[in-house]
Each structure stands twice: as structure tokens, then as C-alpha cells.
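All ligand and atom numbering here is 1-based and tracks the order in the structure.
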Amino acid sequence: MPDKKDIVFKGVAASPGIAIGKVFFVEGDDFHPVCREIPKNAIETEKMRLNNAVEKTRAEFKAIYAKIDETLGKNYAQIADVHLLILDDPIMKKDVYKLIDCGINAEYAVFKVVDNIVRSFESIENDYFRERKLDIQDTGKKIIGYLLGRQRKNLASLTKGSIVVSHNLTPADTMAIRERLVKGFVTDIGGKTSHTAVVAQGLSIPAVVGLKVISSQVMTGDIIIVDGNKGEVILNPTSETIAKYKREFVVQSEKKKELEKLKDLLAETPDNHKVLIFANIDNPDEIQSVLSSGATGIGLYRTEFIYFNRVNMPSEREHFENYSMVVKMMSPYPTVIRTFDLGGDKLTKIGLLNVEQEKNPFLGLRAIRLCLKYPEIFIDQLKGILKASAYGKVKLMYPMVSGVEELCEVNKILDEVKRNLKKENVKFDEEMEVGAMIEVPSAAMIIDAIAKEVDFVSIGTNDLIQYTLAIDRINENVVNLYDPLHPAILRFIKKIIEESHKAGITVSICGEMAGDPYYAPILLGFGLDQFSVSPTQVPEIKRVIRSISFVDAEKISEKVLKCGDRESVLKIINATYA
Ligand code: PEP
Ligand code: MG
């Protein structure tokens, strides 16, 4: 059979590397069924179709709860039973039947009835009803999925070595997928710093996101190539293209081996200026790659992943067990544990959180704001972190701080937790350093005031760029405007470093910008103390640091600070690499 022609899709290079393999297609669950007219003589058949879908949904929920019962116990299975109660709700069923009797197709009838219930719940200020709203939506989506024959694929059936393609993968999906040893991630939506991208980098899995239409063009079993370096995906590659990419794969593996030789060397410029290179993780199973990368600490442990794919809150004990394991494995190197940054695109279905329906979740109840709204969840996490601090070097960090008042409020809670632990004679590090992420422009602007309240700061460039430039970091339509080299960003970074140093505290960058070798000379020249990057980027950043003198880096950064536009900045950097 003759080869088919390469079909090339261009997107955003989210995680470097090359993968060649078979597609495993993960269907989205945001169905918008169209309204169709059902002839009178087909109404009974339509009701049977509905009942059939309801029974399939029931069987699926029962299987899920049997699993919950087995892993978490009866109590949790009972809590989760609520989906089955919704399925059996006589009023809901009556309303759907009523619409079908009027000649409306079953999927649209379910969609309408669920939508009406959800709207009526919207105005009720009560956590219980908000949680039920999500349960009702979930149940509705499943029934509609069965009616359309498009239920979200059970990720458990994902085959090892596949390339996952989907319209969107939530951080919770990627958590479920990570256990299955996939070769690559490909999505329609998302940008370089969306959490799918961040997880893929953490796992060293090539990923291309923001491809807009790819999910409607491929099927499970298609052969594709994921080029995570260029941000391209090639569907039905010719044998020449496959051979070319196999050669490229070998070249990259060789390059990787060369970089591995830097593992035990210092991150030091030829004129003896030292910086620290730490790694970011979002799961303890990445520690092995942190240690083998040559990183000398964890600069960002994203703890929100503890809250995904579960129906109950993590207990204080779970927090403690998770963090103490990480801290022990990293000892004597430090671990910066960030308190939970849920909200934005990191949503959990744990129930308490009212974030699923926000119109602008990145500007909503996210991170430190959630901690203050639900102090009981926050306190459990703080206790776990403090207790873990008795087992190694722990630093605590708050995400999305926007002002001093907020910082004082969370510190008050922390002090209270410390007092109580002391009363109970629980051991913890009383000198544990506390830092703030600088990722909201207001915090960057008043960094002098914030620096007086903390022991260190870490710049979250992923969000700082998003909020400063007003560019949604996961929106593929504005991905070309998401620019770490915008003069406003460069000046903010310089200001944060300068003011923090004046206050005698250190500065790290833990956003993706720190892991890009192209930006490293500028950041070095600004006087950055610590680069915290995904484990795969550690050797490459070290290579750049070891190859440029600090004096030269300072000259470059002085020049870029004078630029008012991106083009001038680019010219200066490109001249550095010439
Ligand atoms: C950031 O915003 O740069 C950051 C490191 O945090 P996250 O990507 O988890 O929002
Ligand atoms: Mg952030």
C-alpha cells in the first residue's frame, strides 16, 4: 500500500522530546446536544433509549463506588452514592419525560432539565447545594454521553505506550494518565504554561498543546509523531518522515547523555558567580528524576495534586505522610512546599470548593484566597507541612499573594497552628522559612513591603505574565501574545530581585521561564539567586550558566532593561547567541 501524505498540525511546544506511536483518543465530556424533533410514533422508543442510557450510567456509577468502597471504605462510598439518588429522582425523570412527550429528543431533554436545575441552584448561597449542582451536572453529562454514544473514555483502559489525544486534559486527567506510562500528550487547547504542559514536563513526556482542531481529526489507533521541540504533530507520517524522526531521536538522546555529565558540577559561571538550580515537582514519584538531574533542592512542590481524583478531603495524616516522604528523600537538600493553589485550571471535585462554575476562574477564588475562605482545609495542610519539617529542610510558600494584608492573615493562621502543635508537644522546625510567590502584579509592585514579611520570594512567571499582560495562559487563541520578554515582565523581574536583595532575602523563579535556556543569561544578569525548573531542564540551564560570565550576563540584562519593545530585546539576546 502506498504511504499516505504527512498531515502536519502546528501548535505550542509544551514539553520537549519526540514520540512516535499510536493515538489513544480521550473524548471530552462537555456535550452540547442539538434539539431534534421526534415524531409522535417514535416517542416511546425515545423513552426506552433514555432508560437504557440511565441504566448504563447506573452501572458505571456502581462500578466506581465499588472501587471507592474497596479503597476508601464504606463511608466514602455512601457519600458518593448521591449520583445514584439523582438518577432515581422521580421529579427529574418526570420533567425529562414531559419534554420527550412534546417531541424533543432525549439528549436535549436531559440537557435542558439539568440546565434548569443548575440555574435554580445558582442563586442559593449554600455549600451543600453548590456541591449537589456539580453532582447533577456530572450525572447529566454521563447520561447524555451514553445517548450520544460518546461517553468519556475510561482512562483505566489506556494502553501503555500510547499518545493521548484530547480536546482538553484537566490536571486531574493528567494525574490519572501519568500512572499509565504514556508516550505523549496532544491537546486542542492550552498554552506553554497550562498545567497539562507542566505535568508533561515533570514526567519528561513530549507534549504539544493548543492544536485547536486535532481532536476532531484523529482516531484511536492512528499513528502520529509528537514533536515537542517544534510544537508539531504529524498524522499518518510517511516512512521517510518516521525515519527522519527516529534519527532525530538518536541525536537528542546523545545530547542528553552529554548533559548528564554536568550532574555533579556546580551551577557556577566561569567568573565564579554561583546560583542554585532546584527542580519543580507536582508528585512524589518525580523525586528520583530530581535527584538524578543534579538539582540541589525542590524549589516548588505543587501540592494541589493531592486533592485530585478523589471524593474526600485529604486528612492531616495524608498530608504529613506525603510531605515527610518527599522531605526525607530530598534530605539534606531543601524542599519548598507550596500550599494548595486550587482554582484557575486546577479544579477538584472534592465538593467544598465553589470554583467549577466561576466565569473567570483565574481571577476568582484561587490559591491563598481559597485558603482563607476554607481555613479548615488549609489548617490540615499546614499541620502536615509543619510536622514534616521535623524530618528535613522544609520551606513553606504561599501562592498568589496580592498584598501584605493577605500575607498577614495567613501567617496569623500559621502562628495559631504552630502554637497548638507546641501545646501538644508535636515536633516541628520552629525556624521554618516562609516565603511568598510573586505572581500577581500588585505584589510585584509593592515587593519592598512584601519582602519585609517573608524569608524568601519565588517569582511565578507563568501567572505573572498572564496577569500583567492580560493573557489567559491556557487560551490557544492568544498564545502568540504570551511573552516572557515583554519589557514590562523583564522590568518587574529586575525590580523584584533588586528590592528583595535590599531587604536581605533571596529570589527564585519557579515559572517555566526559568527553565528556558534562551532566557537564562538575562535572569542570571539580573542577579537571580535560584532557578527552579522541571527536572529535565536542570542540566541544560546548568550548561548555560557554566558557559557565560556573570559580567557579560549583567551587561546583557542592563541593555535589555532599556528596551521598550520585544524586537529590541530579541536583537540583544540573539547577538549573545551569535
Ligand atoms: C507560576 O505561576 O509561575 C507557577 C510556578 O505556579 P503555577 O504554574 O502552578 O501556577
Ligand atoms: Mg502560579
Please note down the angle at the Mg ion (ligand 2) between OD2 of Asp463 and OE1 of Glu439, to the nearest 10°. 100°
Assess whether side-chain contact (heavy atoms from CB on, under 4.5 Å) is satisfied between Glu512 and Val198, documenting all intermediate values. CA-CA 8 Å; Glu512 302 320 299; Val198 169; 3.6 Å; yes
Give the atoms of ligand 1, by number and element, whose distance to some non-hydrogen atom of Arg473 is under 4.0 Å. 2 (O), 7 (P), 8 (O), 10 (O)
Exercise: do Ser292 and Gln288 side chains pair donor with acceptor under 3.5 Å: no
Looking only at distance, does Glu512 have an N or O less than 3.5 Å from an N or O of ligand 1? no
Val198 near ligand 1, heavy-atom distance under 4.0 Å? no
Taking 4.0 angstrom as the limit and counting only heavy atoms of Cys510, give me the atoms of ligand 1 inside it, by number and element. 5 (C)
Determine whether Val417 and Gln381 make a side-chain contact, defined as any pair of heavy atoms from C-beta on separated by less than 4.5 Å. no
Close-contact set for ligand 1 against Leu300 heavy atoms, below 4.0 Å: 5 (C)
Can you find an N/O atom of Glu439 closer than 3.5 Å to an N/O atom of ligand 1? yes
Do the ring planes of Tyr307 and His319 sit parallel (below 30°), tilted (30 to 60°) or perpendicular (above 60°)? tilted
Close-contact set for ligand 1 against Gly460 heavy atoms, below 4.0 Å: 1 (C), 2 (O), 3 (O)
Heavy-atom neighbours of Met329 CE exceed 12 at 6.0 Å: yes
Greater than 12 external heavy atoms within 6.0 Å of Tyr333's OH: no
When distances are taken from atom 6 (O) of ligand 1, the protein heavy atom at minimum range is Arg338 NH1, 3.0 Å
In terms of relative ring orientation, are Tyr398 and Phe378 parallel, tilted or perpendicular, with 30° and 60° separating the classes? tilted
Thr187 vs His167, test: side-chain contact (heavy atoms from CB on, under 4.5 Å). Steps then yes/no. CA-CA 5 Å; Thr187 58; His167 174 66; over 6 Å; no
Does only the side chain of Met437 get under 4.0 Å from ligand 1, or the backbone, or both, or neither? Count heavy atoms. side chain
Under a 3.5 Å threshold, yes or no: a donor from one side chain and an acceptor from the other, between Asn283 and Glu286? no
Could you tell me whether the side chain of Val440 reaches within less than 4.5 Å of the side chain of Leu464, counting heavy atoms only? no
Side chain, backbone, both or neither: which part of Asp341 has a heavy atom under 4.0 Å from ligand 1? side chain
Heavy-atom nearest option to atom 10 (O) of ligand 1, drawn from Ile465, Thr193, Ile509, Asp463: Asp463
Relative to the heavy atoms of Arg302, which atoms of ligand 1 are at a distance of less than 4.0 Å? 4 (C), 5 (C), 6 (O), 7 (P), 8 (O), 9 (O)
Could you tell me whether some N/O pair between Glu304 and ligand 1 is separated by less than 3.5 angstrom? no
Element-labelled atoms of ligand 1 that are located less than 4.0 Å from some non-hydrogen atom of Arg366: 10 (O)
